[in-house]
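One-based numbering along the sequence shown. Just follow the structure's listing: the first ligand is 1, and inside any ligand the first atom is 1.
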Amino acid sequence: MSGKTPLIGLTRDEIAAALQSVDVPLHQIRMRLTQLWHWLYVRGVSSFDDMLNISDKLRKNLIEHFSITRPKIIAEQISNDGTRKWLLRFPSFGAENPVEIETVYIPGEERGTLCISSQVGCLLNCSFCYTGTQRLVRNLTAEEILTQLLIARDCLGDFPDINTPGVIVPRKRRKISNIVMMGMGEPLYNFDAVKKALLIASDREGLSLSRRRITLSTSGVVPEIFRVGKEIGVMLAISLHAVNDELRNTLVPLNKKYPLAELIKACRNYPGLSNARRITFEYVMLKDINDSIEDAQRLVTLLKGIPAKINLIPFNSWLGTSYQCSDWKQIECFADVINKAGYASPIRKPRGRDILAACGQLKSQSKQFKIGQLQDQKIGV
Ligand code: SAH
Ligand code: SF4
């Protein structure tokens with residue numbers, strides 16, 4: 001590590017304090033802060049030398065004390081359906097080895113979605129999730145969460161050219177229009193860092209992603225759910241996957257701590273909930289486990305009165321799992337029951353399976369998956 005303070009991921013107040021600490025004159029702080037924020041988040045520069053309206057003297061000062069460099073991209077893979085996956089390496093803290101995480105970009109006709117990780121590994125161990133088989137190594141910092149977005153925008157050419165003059169309207173024609181916190185880890189076990197990163201991602205003078213286009217998915221950390229709506233204001237997704245406690249205890253063991261009744265109550269109290277701001281309920285389709293017509297009917301009853309979308313996710317297989325994906329016909333019958341009850345229930349099309357980029361396939365122990373070897377890790381689905 002360089003020993004320099006990283007600026008990415010700091011709030012405006014923190015950057016102001018950092019500038020003061022290196023003797024930037026008090027009367028200049030506001031202006032410098034605005035300039036820095038613009039370079040970092042509208043232009044996306046990763047070198048102080050590119051900050052053209054900052055004097056040589058200040059630039060030198062900034063270079064000496066702060067860092068804005070991007071971490072290393074260890075591998076980039078592109079699926080035959082256009083999905084991209086980046087394996088990123090972040091520096092170690094203290095004696096710990098560097099950590100590696102994955103970020104996935106899913107292009108669509110009307111939107112481009114970036115799937116961001118919040119932790120290295122996961123503390124929880126949902127039985128159908130590959131990430132859940134890996135121990136939690138550590139939380140990602142706000143910088144590391146946000147950097148996933150910056151790197152993806154670099155690679156996709158989503159930042160304006162450094163020489164583009166004038167005002168830049170950052171919302172239009174972006175490759176990345178949506179973010180989902182659905183990568184590795186449980187975002188609500190890393191609340192503060194996730195909050196900081198998402199507030200910066202949605203800051204109107206910077207990256208400016210609409211909060212309605214940011215979705216945070218949780219396996220059901222009930223005490224933090226209200227705070228997501230109140231303090232971050234993004235869309236909520238709940239990994240439901242079962243409609244009774246007995247089954248949910250085995251699929252999502254966190255259910256033993258926060259059972260369904262409490263989870264559903266927290267959803268009903270979600271700030272800003274309305275027909276225009278629905279909660280997404282994710283439901284992984286597991287053959288002969290949770291995919292019966294009765295399950296679909298119980299699901300409808302369970303969610304009664306909650307403005308909701310139900311997202312049916314065909315199970316993505318991984319080596320060593322004993323689960324199977326439900327038959328397509330069964331998924332359609334299940335969806336039918338939900339549709340007839342008036343809910344939108346899109347079946348999530350699996351994307352990037354050939355590069356192990358689909359839901360629940362991301363990993364952290366990437367040492368054995370370096371470039372070259374990655375291609376050999378295809379699964380037979
Ligand atoms: N930890 C958070 C977010 C990451 S997982 C959560 O659990 O919500 C993103 C979504 O993928 C969750 O709904 C998760 O349950 C689902 N998922 C995990 N493993 C999967 C698999 N093998 N196939 C399909 N979906 C999976
Ligand atoms: Fe963790 Fe989410 Fe996977 Fe469960 S589904 S193990 S909470 S990443």
Side-chain angles (χ1 to χ4, degrees), residues 101-104 106 113-140 145 148 178-191 194 198 214-222 224-225 228 234-242 247-258 263 266-267 279-287 289-291 308-326 331 346-353 356-365 379-381:
I101 57 106
E102 294 184 318
T103 306
V104 176
I106 308 133
T113 304
L114 190 70
C115 179
I116 293 182
S117 295
S118 57
Q119 299 184 305
V120 186
C122 189
L123 189 65
L124 304 171
N125 33 16
C126 303
S127 51
F128 54 89
C129 173
Y130 185 44
T131 308
T133 65
Q134 303 166 358
R135 72 187 178 93
L136 174 70
V137 179
R138 71 164 166 85
N139 279 338
L140 293 177
I145 295 167
Q148 296 172 59
N178 293 51
I179 295 179
V180 291
M181 294 301 302
M182 293 187 188
M184 288 159 53
E186 168 49 59
L188 296 192
Y189 276 167
N190 188 13
F191 190 94
V194 167
L198 293 184
I214 301 178
T215 302
L216 185 150
S217 173
T218 178
S219 55
V221 185
V222 166
E224 308 288 7
I225 287 179
V228 176
V234 294
M235 307 300 281
L236 180 68
I238 300 285
S239 295
L240 193 65
H241 308 317
L247 178 59
R248 196 162 190 273
N249 286 346
T250 68
L251 297 180
V252 184
L254 185 66
N255 193 70
K256 292 180 204 152
K257 198 165 179 191
Y258 305 116
L263 179 59
C267 290
I279 294 177
T280 300
F281 289 89
E282 297 161 280
Y283 197 94
V284 64
M285 297 302 296
L286 301 168
K287 188 179 170 114
I289 302 281
N290 66 354
D291 63 350
K309 278 183 276 191
I310 298 164
N311 209 329
L312 301 179
I313 316 176
F315 172 63
N316 292 308
S317 192
W318 37 273
L319 278 172
T321 181
S322 54
Y323 293 113
Q324 285 179 293
C325 183
S326 306
I331 300 181
I347 302 169
R348 194 183 290 173
K349 205 170 141 210
R351 300 289 301 268
R353 275 183 173 179
L356 284 177
C359 291
Q361 294 184 319
L362 304 187
K363 68 195 180 295
S364 66
Q365 284 142 337
I379 47 168
V381 286

Steps toward side-chain contact (heavy atoms from CB on, under 4.5 Å) verdict (Thr218, Ile238): CA-CA 5 Å; Thr218 178; Ile238 300 285; 3.8 Å; yes

The option among Gly220, Ser118, Gly121, Gly185 carrying the non-hydrogen atom nearest to atom 2 (Fe) of ligand 2 is Gly185

Taking salt bridge (Lys or Arg N to Asp or Glu O under 4.0 Å) as the test, write out the residues that go with Lys256, two or more places apart. none

Has the side chain of Ser117 got a donor or acceptor atom that lies under 3.5 Å from a matching backbone atom of Met184? yes

What atoms of ligand 1 come within less than 4.0 Å of a heavy atom belonging to Ile313? 24 (C), 25 (N)

Identify, by atom number and element, the atoms of ligand 1 in contact range of Gly185, meaning under 4.0 Å from any of its heavy atoms. 1 (N), 2 (C), 3 (C), 4 (C)

With a cut-off of 4.0 Å, which atoms of ligand 1 are near a heavy atom of Cys129? 18 (C), 19 (N)

Proximal atoms of ligand 2 relative to Cys122 (non-hydrogen, under 4.0 Å): 1 (Fe), 6 (S), 7 (S), 8 (S)

Show me which atoms of ligand 1 lie under 4.0 Å from any heavy atom of Ser219. 6 (C), 7 (O), 8 (O)

In a check of side chain to side chain donor-acceptor pair (under 3.5 Å) between Ser219 and each of Glu282, Glu186, His241, which one passes? Glu186

Pull out every atom of ligand 1 sitting under 4.0 Å from any heavy atom of His241, numbered as shown with elements. 13 (O), 14 (C), 15 (O)

A student checking ligand 1 against Asn316 at a 4.0 Å heavy-atom cut-off should list atoms 21 (C), 22 (N), 23 (N), 24 (C)

Could you check which of Thr321, Leu216, Val284, Thr131 puts a non-hydrogen atom nearest to atom 24 (C) of ligand 1? Val284

Below 3.5 angstrom, do we get any N/O pair linking Glu282 and ligand 1? yes

Between the main-chain N or O of Gln119 and the side-chain N or O of Asn190, is there a donor-acceptor pair closer than 3.5 Å? no

For Arg348, is at least one N or O under 3.5 Å away from an N or O on ligand 1? no

Side chain proximity check, Val222 to Lys257, heavy atoms < 4.5 angstrom: no

Does ligand 1 have an atom that lies less than 4.0 angstrom from a heavy atom of Cys122? no

Any idea which of Ser127, Pro187, Cys129, Cys126 brings a heavy atom closest to atom 4 (Fe) of ligand 2? Cys126

Applying side-chain contact (heavy atoms from CB on, under 4.5 Å) to Leu286 and Leu251, what does each step give before you reach the verdict? CA-CA 10 Å; Leu286 301 168; Leu251 297 180; 3.7 Å; yes

Partners meeting ring pair (Phe, Tyr, Trp, His ring centres under 6.0 Å) with Tyr283 (sequence neighbours left out): Phe334

Do side-chain atoms of Thr215 reach the backbone of Met235 as a donor and acceptor pair under 3.5 angstrom? no

Ser219 heavy atoms, cut-off 4.0 Å: which ligand 2 atoms fall inside? 7 (S)

Nearest non-hydrogen contact to atom 4 (C) of ligand 1 from the set Ser217, Gly220, Gly183, Pro314 belongs to Gly183

Per-atom filter on ligand 1: closer than 4.0 angstrom to a heavy atom of Thr218 are 6 (C), 8 (O)

Taking it one step at a time, do Val284 and Phe315 satisfy side-chain contact (heavy atoms from CB on, under 4.5 Å)? CA-CA 6 Å; Val284 64; Phe315 172 63; 4.0 Å; yes

Which atoms from ligand 2 have a heavy atom of Gly132 less than 4.0 Å away? 6 (S)

I would like to know whether Ser127 and Tyr323 meet side-chain contact (heavy atoms from CB on, under 4.5 Å); could you show each step before the answer? CA-CA 9 Å; Ser127 51; Tyr323 293 113; 2.8 Å; yes

Mark up the atoms of ligand 1 that fall under 4.0 Å of a heavy atom belonging to Trp318, in ascending order. 22 (N)

